[in-house]
Amino acid sequence: MLTGKKYGYDPQIDLNFVIRQQPSVPYAKTFKTRTADPITIEISTYTYSSDSWLRYPPKNENPSFELNLKYDSSPVDMSLVKITQRGSVNVGWSNFPVWSNNDAIYQDNDRYYTETYTMPGAIGDWELTILPKNTENFEYSITVGDSE
């Protein structure tokens, strides 16, 4: 067994932390439409949850998005029509690590969150801005016309 004194140093553990700041400037996406069909915008995020095996999981903040839409530089009202949450769950036959909660049968591993907005369409230039909150990533889709 190696000891620190034999090699002239004290045993130590180095820890490095990265603290991510939430953005204060929104992501901007411009697009053009060629029809006046309704527009559907979906914003989604995916989170891997590593807290399922911890005895005291950290507080989970729900993701959210601040969206703004402009048509030919004028603000457009959007209707939030649907929020979808889904997840991936494992049946935990053995708990790891040893300090985990032995009563935990289900391990909630992955979480998906989607917001769906609709608005009337028009032919022209559009700008969508998205400010994410409590998430490290997001995806968006813009559908012009019937989304079914």
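All residue numbers refer to positions in the sequence shown, counting from 1. Since this is a predicted model, take the numbers as computed values, not measurements.
- Counting heavy atoms from C-beta on, the side chains of I39 and T143 never come closer than 4.5 Å.
- Residue pairs meeting the side chain to side chain donor-acceptor pair (under 3.5 Å) criterion with at least one member in residues 117-138, sequence neighbours excluded, are K32-D125, T33-W126, T45-T135, T45-N137, E115-Y117.
- Looking at residues two or more places apart in sequence or on another chain, you find a side chain to side chain contact (heavy atoms under 4.5 Å, CB included) between P23 and L131, P132.
- Identified under the side chain to side chain donor-acceptor pair (under 3.5 Å) test for residues 64-81, with sequence neighbours left out: none.
- Within the structure, salt bridge (Lys or Arg N to Asp or Glu O under 4.0 Å) pairs that include any residue of residues 21-31 do not occur (at least two apart or interchain).
- Considering only heavy atoms from C-beta on, L80 stays 4.5 Å or farther from T116 through its side chain.
- The hydrophobic clustering, which links ILVMFWY residues whose side-chain heavy atoms are closer than 4.5 Å, places L128 and V81 apart.
- We find the CZ-CZ distance between R86 and R111 to be 13.5 Å, quoted to the nearest 0.5 Å.
- Residues I142 and V76 fall within the same hydrophobic cluster, defined by Ile, Leu, Val, Met, Phe, Trp and Tyr side chains chained together at heavy-atom separations under 4.5 Å.
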(request) Please test F65 against Y113 for side chain to side chain contact (heavy atoms under 4.5 Å, CB included), starting from the C-alpha separation and ending with a verdict. (result) CA-CA 11 Å; F65 304 96; Y113 177 86; 4.1 Å; yes

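- In this structure, CG in L67 is found 6.5 Å from CD1 in I41, a value given to the nearest 0.5 Å.
- Of the inter-residue distances, the one linking S44 atom OG with F138 atom CZ reads 9.5 Å to the nearest 0.5 angstrom.
- Residue V25 shares its hydrophobic cluster (ILVMFWY side chains chained together at separations under 4.5 Å) with no other residue.
- A single hydrophobic cluster is not seen to contain both Y140 and Y112; linkage of ILVMFWY side chains at heavy-atom distances under 4.5 Å, directly or through other members, places them apart.
- Atom-to-atom distance recorded for E139:CD and I130:CD1 is 11.0 Å, nearest 0.5 angstrom.
- Contacts of I13 classified as side chain to side chain contact (heavy atoms under 4.5 Å, CB included), with partners at least two apart in sequence or in another chain: L15.
- Note on L69 and Y27: same hydrophobic cluster, where clusters join Ile, Leu, Val, Met, Phe, Trp and Tyr whose side-chain heavy atoms are under 4.5 Å apart, directly or indirectly.
- Counted by atom type alone, Y46 and D110 present one or more donor-acceptor pairs between their side chains at under 3.5 Å.
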